[in-house]
Amino acid sequence: MDKLAEPSAETPKPAGIAEAVKRLLGMRETGLIAIILVLFVVMSFASPYFLTWVNMRAMAMAFAVEGIVVVGMTILLISGGIDLSVGSVTALAMVIAGLLFLAGVDPWTASAVSILACTGIGAVMGFFVTRIGLHHFIVSLAVMVIARGACLLGTGGRPLGLYTLPPEFKFIGQGAIGVIPVVIVIFLVVVVAFDFMLRRTTLFRKVFYTGSNEKAAAYSGIRTKKVVFLTTTLCSALCGVAGVIYMARFGSAQPTFGIGMELNVIAAAVIGGASLKGGSGTIFGAILGAILLSVVSSSLALLDVSVYWQDIIRGSILLTAVTVDHFINKKRQQAA
Amino acid sequence: MDKLAEPSAETPKPAGIAEAVKRLLGMRETGLIAIILVLFVVMSFASPYFLTWVNMRAMAMAFAVEGIVVVGMTILLISGGIDLSVGSVTALAMVIAGLLFLAGVDPWTASAVSILACTGIGAVMGFFVTRIGLHHFIVSLAVMVIARGACLLGTGGRPLGLYTLPPEFKFIGQGAIGVIPVVIVIFLVVVVAFDFMLRRTTLFRKVFYTGSNEKAAAYSGIRTKKVVFLTTTLCSALCGVAGVIYMARFGSAQPTFGIGMELNVIAAAVIGGASLKGGSGTIFGAILGAILLSVVSSSLALLDVSVYWQDIIRGSILLTAVTVDHFINKKRQQAA
Amino acid sequence: ESKFQCEPGETYIMNVMVSAHPYWVPVYQGFKQAAEAMGCETIFSGTPDYDITKQIASFEQDLVKQPAGVLLHPMQSDPFIEPIDRAIDSGIEVVTFAADSPKSKRSAYITSDNLAEARFAAEEIVKQIGDSAEYAVLENPGQSNHDLRVTALISYMEQHYPNMKLVGRQATNQDSNAAYRATASILQANPNLGALWIPEAGSAEGAVAAVLEAKADVLIMHADVTPTTLEHIKAGNIHMALNPNQGMQGFMGFVATFMAAHSDMFDPFNDYKVSGYNPMQIPFVDNGFAVITKDNAESFDLNAYMQGRDPN
Amino acid sequence: MEQTPILKIDKVSKSFGPVQALRSVDFDLLPGEIHAIAGENGAGKSTLMNIIDGILQPDEGRIFFRGEAVEIASPAVAQRLGIGFVHQEIALCPDVSVAENICMGATATSRSLLMDYKDIDTRARAALRELSDISPAALVRDLSISQQQLVEIAKALTLDCQVLILDEPTAALTEKEAQILFGIMRRLADRGISIIYISHRMVEIFENCDRVSVFRDGQYITTRDVADITPSDVVAAMVGRVIDTLYPDKQAAHERSDEVILEIRDLTEAARFRNVSFDLRRGEILGLAGLIGAGRSEIARGICRLEGKVTGEVRLNGKPIDIRHYRDSIDQGIVYLSEDRKGDGVFLDMSIASNIAALAVEQVATRLGIVDDSREADQAVRLGQSLGLKCGHIRQPASALSGGNQQKVAIAKMLSVGPKVIFLDEPTRGVDVGAKAEIHRILRDLARQGVGIFVISSELPELIGLCDRVLVLREGEISGEVTGDAMTEENIMYLASIEQEREQTA
Ligand SMILES: Nc1ncnc2c1ncn2[C@@H]1O[C@H](COP(=O)(O)OP(=O)(O)OP(=O)(O)O)[C@@H](O)[C@H]1O
Ligand SMILES: Nc1ncnc2c1ncn2[C@@H]1O[C@H](COP(=O)(O)OP(=O)(O)OP(=O)(O)O)[C@@H](O)[C@H]1O
Ligand SMILES: [Mg+2]
Ligand SMILES: [Mg+2]
């Protein structure tokens with residue numbers, strides 16, 4: 001007690017399996033992993049189709065692109081912000097890229113411009129939050145409405161058919177490398193990259209400082225406004241990326257895409273341990289949260305549960321899962 | 001500055017017009033009132049129909065019932081909570097009361113039972129938040145899904161036609177006392193009562209203390225968990241009231257009613273000065289926020305603005321309004 | 001040799017989005033009735049959400065179960081091209097209904113003719129209030145069949161009745177409170193409004209409330225029906241509703257899917273053997289629509305219809 | 001004199017995970033006595049008080065109140081028993097007026113349905129009257145830390161209590177307010193109210209208290225009448241060894257140099273201070289004294305560009321420097337230690353190591369900007385050890401530390417960048433005697449190595465003992481400077497409050 005010691009779980013030492021298990025048990029995400037595993041075991045008994053490659057692929061495809069948005073949202077939440085506009089901005093990304101493509105721009109350029117435009121939207125939100133001093137909630141709510149309006153205006157409310165997208169471009173959304181769909185590869189790259197950066201780089205460390213105690217961060221010489229500006233912009237930029245991938249995947253741009261997505265995405269991050277007050281959260285956890293939500297939805301569909309029961313069961317599983325996770329986590333912290 | 005004033009303009013003293021104007025200018029809500037006034041002036045030039053009694057009445061009817069939910073949400077926000085389930089719980093209130101009525105229960109009893117059931121839902125959320133220690137966001141998200149599921153299950157997804165509701169009951173939703181619709185009378189009673197209570201009763205002052213600094217409140221002997229339990233329950237109970245009034249008003253119970261209502265309601269409270277971090281907010285301000293949102297929507301419809309432009313304009317006005325309000329408020333605080 | 005009968009265990013799936021929506025209920029009843037007549041199993045599937053990724057996932061999960069065919073309501077046309085084609089390549093036939101994916105290899109499409117509905121509504125309005133009056137529409141941008149009902153009516157009026165004046169066009173997105181607000185405003189701005197066309201029933205409920213409150217004399221017509229609008233039709237507050245023939249949609253949908261899966265019954269006079277496509281191709285089946293008025297409203301009570309029937 | 005104690009603690013233990021904060025502690029409090037508790041940082045003082053107030057529950061042991069065993073399940077129960085508590089870490093509601101904060105306890109137990117704002121105002125005024133001229137209508141969020149501390153005290157005074165606990169109430173107060181507080185304590189004690197007084201300032205204990213109990217490492221050591229012992233006895237009992245010199249040697253005459261490190265000219269910020277000019281010389285420790293609200297913190301924060309719009313010139317080593325943001329200031333080697341430890345000094349939910357690294361994460365990262373955990377840990381261990389930081393391990397969150405140890409984390413953070421000039425605002429607030437001596441010694445060493453040290457402190461003995469020269473600030477203007485033998489409490493107080501003296505004589 002009197003000496004300054006490092007905790008055991010930090011510096012990786014070649015200490016064998018016991019050590020590895022102990023470290024795993026010490027992680028914030030352990031509870032969530034356990035819950036998902038239980039769900040997998042139950043489901044593979046409940047349905048012979050569950051543990052098939054095709055089903056796994058379908059489930060993964062269902063959350064992979066949204067998972068990219070979850071990454072952006074998690075980082076934003078850690079910095080103390082929130083973004084309700086993710087659904088509309090993702091749709092707007094599809095619409096902008098789609099309109100440019102239909103106007104004759106090649107799809108790669110169109111995508112780049114679209115992602116840039118979304119980044120710009122994020123920058124505008126960042127401006128209102130950091131310079132004017134408004135709350136993220138209200139700014140992103142306004143932008144959510146405006147971006148949806150822009151989608152409708154740009155398309156006249158009708159989906160854009162982009163059947164003529166070249167196959168190299170569609171490959172992003174529909175192709176596969178070996179048996180692994182490209183979408184999932186991109187998703188994994190984004191997740192691994194940002195997970196690493198968030199845990200290890202000085203830049204993203206400042207995101208934690210800012211979200212944990214903005215004033216203390218400012219008193220540590222961190223330009224907290226820049227940090228928040230950055231995370232706000234990044235989240236929209238990742239919506240842009242997601243939108244472009246969706247376009248390649250669906251071969252169309254839908255002005256009504258992503259309605260209600262924000263709650264799903266925020267829920268995933270929060271289930272995964274991100275705090276709505278800022279200062280804590282992990283990409284890994286948030287993705288597990290997204291997986292949990294997605295697996296529950298997919299399982300109910302697979303089991304042919306009556307639609308009238310599905311929402312009730314889904315909500316109850318969500319509540320049970322966060323409760324169980326909460327207790328596991330409490331136990332873990334007491335043990336530490 | 002040196003005398004202890006009650007929160008915002010309180011005890012009216014016969015102090016002359018100058019004093020009254022000064023007090024008005026000192027209020028948190030002044031900026032919002034100014035913005036709404038400007039909107040009214042602009043609109044009455046833009047459309048000859050705007051400043052008519054019938055239009056005013058229609059605009060008031062359009063937000064009065066939702067306004068009751070805004071009251072509950074504001075109090076909950078002040079205590080540091082949030083509730084995403086308001087839309088589904090309002091719908092569930094309609095469905096429960098509707099089903100009971102169709103089963104032969106008299107509509108008053110059916111309504112009372114339904115409001116009680118909603119109160120129970122709030123109590124369950126309160127339990128999960130205060131006893132288990134989960135976050136309001138995630139609990140109310142789960143309940144939002146469950147309550148919607150219950151609506152679907154109860155009705156098979158089909159709206160219930162309640163055309164046979166007795167006229168005395170429909171009077172709540174469709175009647176008028178003199179020229180004032182009953183709905184608006186109920187709304188005003190709820191608003192005035194809770195505004196008064198929130199400012200003047202010991203019980204509701206504890207809501208502010210709890211939201212401002214839960215620890216400090218607890219150290220002062222306030223049972224903060226009880227307070228949060230209460231505000232969570234109250235918000236759902238008011239959703240129940242709103243649901244029953246909607247039923248009387250539309251003569252039907254719609255299982256899909258109120259989707260997306262939560263964002264609207266939270267936005268109203270936040271525009272009106274409630275903090276998402278808890279500890280501050282007023283009913284008066286929140287209602288002004290609701291009025292602002294509603295007047296903008298009604299005005300755009302009155303001017304027959306193209307649908308595709310409406311969202312863009314609406315979002316932009318929202319953003320402009322909160323920005324202007326922010327600056328007015330800053331000025332006011334500097335002047336004080 | 002094939003008959004119009006299923007093998008034991010042969011299963012057909014009907015897949016939709018927003019699966020709790022009451023619209024699907026009579027459709028699925030029709031689907032089931034045809035299936036029972038032909039000794040087949042059915043499953044109702046899809047996603048409760050308005051979310052295309054979830055619907056695609058549920059469709060792909062349907063495929064895992066190796067059904068003989070899927071009757072699909074694709075939420076968007078193009079995103080379903082690849083999944084539908086993949087299903088057909090793996091031997092599972094797909095027929096679309098109420099919304100199409102025309103560029104896919106689906107073998108048939110069953111739907112109400114929204115253009116016909118719009119034409120009918122336009123003629124009825126003109127018949128009731130004359131050909132030089134004011135009318136308004138509520139709409140739900142982004143949902144194709146609702147869009148079509150509105151845009152087709154407007155262009156039909158422009159073409160055939162140039163003196164009909166469109167004075168209001170508001171998005172209410174099936175939300176009755178939004179419809180109440182929009183209608184109230186339209187009534188304010190246009191005291192001479194003669195008729196209101198609404199492409200779905202949810203908005204109609206709010207619109208009626210506004211019209212009644214304003215004591216305005218406005219002819220309301222809408223598509224689809226709910227118990228509340230039905231009562232309003234009986235009471236004369238709503239003039240008329242046009243309801244797609246959902247039962248026929250489901251029944252024909254099943255038959256078409258079955259036929260696509262049993263195309264070996266059929267040897268048509270064309271090149272299918274050389275080209276290798278499914279000979280069972282029907283570009284478009286119109287399931288028709290019913291006109292609901294005061295006189296026949298009794299027959300359109302869904303709750304009465306569903307008495308004693310299993311929704312699943 | 002055999003009295004029955006009003007409060008008796010019997011073999012109470014408490015642990016937080018692996019940390020045993022209290023081990024079978026005994027303690028008793030007599031009616032009408034002022035009972036001091038002394039102990040190093042992390043000795044368990046606040047933990048015991050939190051148990052008495054019902055905020056924490058003991059793992060073992062019993063509490064007797066007026067001879068009866070009681071279970072104090074919550075602060076509400078404690079209040080009903082008549083226990084009032086001024087917390088070490090300020091716990092007020094920022095969005096609520098001073099008056100409502102002060103009367104919050106009464107509101108919590110009030111049976112009346114309606115708020116009686118007039119009564120609240122009257123009572124708040126009464127409680128504040130002697131302490132300060134803070135407006136009861138002001139929002140707490142607009143107050144400085146010391147003002148908040150006064151509100152916290154006023155709040156406890158309104159309670160009709162039998163036992164009043166004061167956990168380091170004077171840490172952020174100046175002599176003047178502290179003396180007022182002691183007067184009030186005396187009067188309460190005379191009325192038979194028992195007071196537990198926690199402080200790291202020996203002088204206060206010996207001037208104002210009747211008995212003193214000493215804790216060490218979560219254990220109860222002893223209780224003695226103050227009259228029977230000396231401060232060094234208490235310190236020896238606390239630390240387990242004798243600390244001979246509380247303050248390090250001052251700058252010797254031959255060390256004195258005219259070389260100026262930091263030159264401040266005509267520093268002005270409209271509302272808060274005017275025309276502040278001074279030089280900070282190589283090797284010296286410069287102090288800044290003043291009353292609460294004189295603007296001392298503002299000057300330091302203004303120089304570092306942490307707040308306000310300041311005009312004037314700043315020269316570092318003779319060269320004018322242009323600081324736009326605190327980051328520039330840090331890059332130039334000028335750092336500031338905040339007086340509000342909890343509000344802006346530490347990141348409570350982040351690890352100790354990350355806290356210490358916050359000022360320059362780049363230092364513990366590779367050139368590519370990848371944080372190196374082991375370097376971060378090494379830095380924390382190194383700086384922590386040099387300051388005598390006491391903690392389980394450096395990956396614990398800062399919230400698990402005792403108040404004084406959090407302060408050490410904040411100081412370690414400053415030192416991590418190897419600064420040229422350090423502004424310290426109440427640097428030893430809440431730090432125990434031993435650690436304080438250690439911090440003083442470190443500051444002196446740094447000064448000798450050429451670092452410019454600028455200390456703001458409300459504790460005059462600290463300024464006098466530590467500094468080579470003290471500037472005195474009065475209402476935003478420098479009213480004088482004292483050095484050498486002229487550095488006495490009387491002189492400083494005189495310069496800090498001339499205006500008031502004049503007003504009084506006039
Ligand atoms: N919430 C907590 N979690 C873990 N450990 C804690 C917690 N609170 C206190 N401790 C530990 O308990 C011990 C006693 O802390 P306490 O705050 O009682 O000390 P203290 O005597 O008041 O010190 P100081 O003079 O610095 O205020 C310390 O080792 C501290 O780290
Ligand atoms: N955020 C703020 N808003 C309004 N007034 C403030 C704020 N911060 C400080 N003040 C006021 O500015 C004056 C100077 O405060 P400052 O903190 O510099 O004083 P100080 O000499 O450091 O005294 P202490 O820190 O002991 O209160 C005080 O009257 C204080 O109330
Ligand atoms: Mg302490
Ligand atoms: Mg200060």
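Just the heavy atoms: all of them, side chains too, but no hydrogens, waters or symmetry mates, feed the values below. Naming convention: chains lettered A, B, ... in sequence-line order (proteins, then strands); numbering from 1 in each chain.
Side-chain atoms of A:Tyr219 and D:Glu307, non-hydrogen and from C-beta on, do get closer than 4.5 Å to each other. Using a 4.5 Å heavy-atom threshold, the side chains of A:Ser220 and D:Tyr326 count as separate.
Taking all atoms of both residues into account, the shortest heavy-atom contact from A:Ala216 to D:Gly345 is CB-N, 4.3 Å.
Between chain A and the options D:Val417, D:Asp328, D:Val371, the largest number of non-hydrogen pairs under 4.5 Å is found for D:Val371. Note: A:Gly221 leads A:Ser280, A:Ser275, A:Gly221, A:Gly279 in heavy-atom pairs under 4.5 Å with chain D. If you tally non-hydrogen atom pairs under 4.5 Å between each of D:Ser329, D:Ala365, D:Ser354, D:Ser338 and chain A, the highest count goes to D:Ser354.
Note that CZ of A:Arg223 is 8.0 Å distant from CZ of D:Arg327, once rounded to the nearest 0.5 Å.
The side chain to side chain contact (heavy atoms under 4.5 Å, CB included) test applied to D:Leu368 returns D:Thr366, D:Ile370, not counting sequence neighbours.
Contacts with chain D (heavy atom to heavy atom, under 4.5 Å) involve no residue of residues 118-135 of chain A. At a heavy-atom separation below 4.5 angstrom, chain D is approached by no residue within residues 71-84 of chain A. The contact list for residues 195-212 of chain A toward chain D, using heavy atoms and a distance under 4.5 Å, reads A:Phe196, A:Arg200, A:Thr201, A:Thr202, A:Arg205, A:Lys206, A:Phe208, A:Tyr209, A:Ser212 by residue number.
Here the side chain of A:Asn213 pairs a donor or acceptor atom with the backbone of D:Val346 at under 3.5 angstrom. A donor-acceptor pair under 3.5 Å is absent between the side-chain atoms of D:Asp344 and the main chain of A:Ala218, judged by distance alone.
Heavy atoms of D:Ala360 lying under 4.5 Å from chain A are absent altogether. Heavy atoms of D:Gln363 lying under 4.5 Å from chain A are absent altogether. In this structure, the portion of D:Ile330 lying under 4.5 Å from any heavy atom of chain A is its side chain and not its backbone.
For A:Lys215, the NZ atom sits in a packed shell: over 12 heavy atoms of surrounding residues, nucleotides or ligands are nearer than 6.0 Å.
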